[in-house]
Amino acid sequence: CQQANGQLSAQQLATTFERGTAAASRGDFATAIAAFQEITRLVPELPEGFSNLAVVYESKRDFRSAFEAYQQGLRHHPKHVPMLRSACTTVLRLNQEAALGSAGLSSEEGRALCLRAKEAAPKDPRILAMLGDMHTLWTEWDDGISCYKRALALARTGSSTHRSEDLDRGQVYSNLANCYSRAGQVRNAVDAVQQSLRYKVDHHTLGLLGTIRSTGTKFDFVARLVQMQAAEKLRQSLTLRDGSCKTGKWDIVMDWSACLNSSCKDVEVEVINPSTRRTPYGAPNNVRFVSSSDTVLTPYPTEYLERTLLVMQLHNVYIGGPSGLLHHHCKIYAGGHREANRLHEALQFGNVLDKVEHVSAPLVSLISQNLRNYYHFMIEAVPRLLLLRQHMEQQPGGKKLFASLELLLPSGVGYVAPTLQLLGLKNKVRLYDGTVHRLVADLVYFLDWETDEVREAVDSALRVSPGWATLEVYDADADADESWAEEAGDDDDFETDAAVERARARHEEDHQPWLWPRIAAYADEPSLPLERSLAYDPWSQYYSSKAGLELLRRSVRTALKLPLTPAAVPASASAADGAAQWHVLYASRDDARSGAFGVRIIRNEELLIQALRALLGARARVHVHRGKGRPVTEQLRAFGRAAVVLGPHGAGLANLAACAPNTTFILFPMEPHVDNTFGHMGAALGLDCWVLPDVHSYYYGRYNDLTASTVLQAVQVVRDALVRKGLPFDATVDIEDVVTKLFQSGTATGPRTAFEDVLGAEEEEEE
């Protein structure tokens, strides 16, 4: 044709396309956008103009504009399958960005567009896989599983109108495994990730396997080993270059003791608690269980050993990636990441560091594992900072030196500044965004706790040498049967009970012995030995040191003018606070919702709250710690004045760090109880700990509904705690009768007050 739409000749069109693609390839997005916008305006019948415009927007991470470009193109080409598929991918990316704080699409918008793509190409496994990703993002596990399995079935049977090789089956199996894990189907999740390893054994898939096992099995040594292997695979694949490592061949330093005695260039390491390291804390009866059955959460550690605390000084060190990982001289210092599967996320800062900003001022790095989660910031980062300040200020000239340090902290986190202000930390703050910042610093201080004994115990229990990759814990047999994951053909009733049973029975023989190991070190013991309680726990890398937790509590309570003595008498608020006296705090997770689903939320909790109010009557108050919206100071003060705290596992319980010794803490646990975060905090802080296993939740799931019996159970534990503490309650109330009537009516009575609607943690949920 000589003219396109009467405006551009074929030659002009080709020239404009070339100008746009050339500009995009060199990063000149403004010129590229202008070129493709001209094409879409003058030649709307050409779908490639809209697609290229969207791709340029995606390159600059403007997914909203990319989506709008696709929408505009689809108005002209409503059944253009490649554009529909790409638009669905952009919907997914846009909503993933929303999880990081950006403005996303509503699930209705995204669902409508992706369903249009499916209707236009019902046999395209890539679209089905993307729909699976969307359902997973919306926490619609069953729908996600169905989409992934149908995509795999189409690719495997050849019934797709698209080439099976177009589908990245290894990635789809990984996504299916993640969805199974989120749905609580741990065995199926392990099976699916096993299939993924047939296609590619990389750090992503091994890390996923470690995560699935650590969330689905108690004290799983293999989870820790797999995570270490993931780190080794990652190390082998790195081609990163910085100014100090020209070869691009890296070592990952998991434990800082490897750098003692000047064995690491430009790194100084000092042990700061030689007299208290490995000191025991906790007690065998530190945790009491209250259950209607004989089953309790065992093994359940109640005793620990204090960590070795180290202060590091790193000179001429590079800082990069979302988690601000420290690296130089061909060594990457994992620090707080250790063997965690998140290590690979921390390293996603490209293979070549350009536009590096030089920082001459001495820094304290507090960037580590997921500081956008309230727990990881308050219980991991803040104790590190307080311990470093305490250590430095004990040295001659240390106060002045510490005051000169800049604090490297994550940007865009609302609770950082008020926490520093509360704790009297007046240092200059340098905000860090790992997606755009690359730093090289003359001097960085970092405080951490050691894990040598953890890794040694893991290696010993698995009977392997201390290397990272000595035990093959996966089966990479390319001929393994995968039909277990693709039963029932191509109909809508994809997963029937009969199909699942057939698949499981057929596949049972193929499981490797490592899948569900009996760990001889504890299998025949009723409880965990003191010296092994941290080594047995894959989650212990996220527990703070006892010294750090005690220092955090002392600092918070001093700043809030709360007494440091045990909670033995009612605490009255001052007139200046404008708050009434209260005794019991319930930590709700009602605001941890995503659509109709909420991770570890509890239904009928309002009936528990009403029963507690009836118990206390006019003599005291029930303080409900719920949702987002209140300052950190109010959160900590609320916990700091509580005589009793109860609630489900969640980041809001990080505020237990403000509780006085002997505060009663009643936990609704997870089952399996894979993360003993708050049990460890209770042991370190001397809390009066109780666990109610009858109310439990899978890590990614929802708690079983509160019933009349479990509400009565919880209220009785609270009442007994008040009796022990000498705190007032209404002894004339027949709690059993109150609870019965509450559940008969099915509604909670009495309005919430503004005082009761106090913020939980300003948390960003996982994972």
Side-chain angles (χ1 to χ4, degrees), residues 203 227-272 308-340 342-369 384 388 405-408 430 432 434 436-452 455 466-469 541:
H203 61 276
Q227 290 174 350
M228 292 194 295
Q229 286 192 321
E232 173 65 6
K233 289 288 184 182
L234 176 61
R235 184 194 68 77
Q236 294 172 358
S237 68
L238 285 176
T239 57
L240 171 71
R241 302 290 198 280
D242 67 19
S244 65
C245 183
K246 305 301 184 183
T247 65
K249 297 186 182 300
W250 293 83
D251 289 327
I252 299 178
V253 179
M254 291 292 185
D255 293 309
W256 293 103
S257 61
C259 295
L260 285 170
N261 304 318
S262 302
S263 58
C264 299
K265 185 178 180 181
D266 284 341
V267 179
E268 301 167 35
V269 181
E270 177 186 3
V271 176
I272 66 171
T308 300
L309 302 178
L310 306 102
V311 171
M312 282 63 65
Q313 299 180 53
L314 297 95
H315 302 268
N316 307 309
V317 66
Y318 287 80
I319 306 170
S323 298
L325 217 59
L326 305 171
H327 58 97
H328 66 179
H329 303 306
C330 300
K331 293 184 184 295
I332 295 171
Y333 300 96
H337 304 278
R338 300 185 181 94
E339 295 93 340
R342 288 181 181 268
L343 179 59
H344 75 269
E345 298 176 11
L347 285 164
Q348 302 307 306
F349 46 81
N351 287 329
V352 179
L353 294 182
D354 53 4
K355 302 179 181 177
V356 176
E357 177 185 354
H358 176 255
V359 180
S360 58
L363 297 177
V364 177
S365 175
L366 293 174
I367 307 293
S368 63
Q369 142 74 25
R384 284 186 169 97
L388 180 64
L405 303 179
E406 292 187 9
L407 308 183
L408 190 66
R430 178 180 291 269
Y432 176 86
V436 296
H437 291 152
R438 307 288 186 272
L439 307 178
V440 58
D442 290 348
L443 176 61
V444 173
Y445 288 88
F446 191 83
L447 186 141
D448 204 358
W449 32 86
E450 190 56 281
T451 59
D452 264 357
R455 192 170 69 224
W468 285 359
Q541 57 198 348

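For reference, positions follow the sequence shown, starting with 1.
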* Working to the nearest 0.5 Å, report the span between CZ of Arg430 and CG of Leu363. => 6.0 Å
* Asked: Between Cys330 and Thr247, is any pair of side-chain heavy atoms under 4.5 Å apart?
  -> yes
* Are Met312 and Cys259 close enough that some pair of their side-chain heavy atoms sits under 4.5 Å apart? -> no
* To do: Look at the rings of Trp250 and His327 and say which category their plane angle falls in: under 30° parallel, 30 to 60° tilted, over 60° perpendicular.
  => perpendicular
* To do: For Gln236 and His203, test the side chains for any donor-to-acceptor distance below 3.5 angstrom and give the result as yes or no.
  => no
* Decide yes or no for Leu443 and Leu314: does some side-chain heavy atom of the first lie under 4.5 Å from some side-chain heavy atom of the second? => no
* To do: Determine whether Ile332 and Leu325 make a side-chain contact, defined as any pair of heavy atoms from C-beta on separated by less than 4.5 Å.
  => yes
* Got a second to check how far Glu270's CD is from Trp256's CH2, nearest 0.5 Å? -> 14.5 Å
* On the 0 to 90° scale, with breaks at 30° and 60°, tag the His328-Tyr333 ring pair as parallel, tilted or perpendicular. => perpendicular
* **Heavy-atom check, side chain of Val359 versus side chain of Leu408, under 4.5 Å** => no
* If you measure from CD1 on Ile319 to CD on Glu357, what distance do you get to the nearest 0.5 Å? -> 10.0 Å
* To do: Begin with the C-alpha distance, continue with both residues' side-chain angles, and end with the deciding distance and a verdict on side-chain contact (heavy atoms from CB on, under 4.5 Å) for Leu407 and Val364.
  => CA-CA 5 Å; Leu407 308 183; Val364 177; 3.9 Å; yes
* Asked: Is Tyr445 reaching over with its side chain to a backbone N or O of Pro362, donor-acceptor style, under 3.5 angstrom?
  -> no
* To do: Answer yes or no: is there a side-chain heavy-atom contact under 4.5 Å between His358 and Asp442?
  => yes
* Taking side chain as C-beta onward, heavy atoms only, is Glu268 less than 4.5 Å from His315? -> yes
* To do: Can you measure from CG (Leu326) to OG (Ser365) and round to the nearest 0.5 angstrom?
  => 5.0 Å
* Only one of Leu405, Val317, Leu439 passes side-chain contact (heavy atoms from CB on, under 4.5 Å) with Val444; say which it is. => Val317
* Distance-only, no hydrogens or angles: does the Arg384 side chain make a donor-acceptor pair with backbone N or O of Leu447 under 3.5 Å? -> yes
